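One structure below.
Note that the structure is predicted; figures quoted are calculated from it, not measured. Sequence positions, counted from 1, serve as the residue numbers for this chain.
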Amino acid sequence: MAAICGVVFGTAHTTSVILVSGTVLSVCTNLFSSTYHIYQSEIFPTEVRATAIDCVTRSHAPPARCSRSPG
């Protein structure tokens, strides 16, 4: 659904099509993002998620810290 709306949004020439397809695309991507974040906490252990979040949010973290496996 999101892919179809993305193509329609990208090729639209009228204001009404841009508004409708953009709104549906936004709702679809927000729903996917929320659902994935809920599911992600179930499939990855807390220690792995914490290490990944730390590596992403710290741009000054040395690469060695992000490459070691937890445990």
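Closest approach of Ala12 and Ile18 over heavy atoms only: CB-CG1, 3.6 Å. Summarising the geometry of Val8 relative to Ser21, their closest heavy-atom pair is CG1-CB, 3.9 Å, with the distance given to 0.1 Å.
With rounding to the nearest 0.5 angstrom, the OG1 atom of Thr23 is 6.0 Å from the CG atom of Leu19.
Of the possible polar contacts, one joining the Thr29 side chain to the Ser26 backbone as a donor-acceptor pair under 3.5 Å is found.
The environment of CD1 in Ile4 is sparse: at most 12 heavy-atom neighbours from other residues, nucleotides or ligands sit within 6.0 Å.
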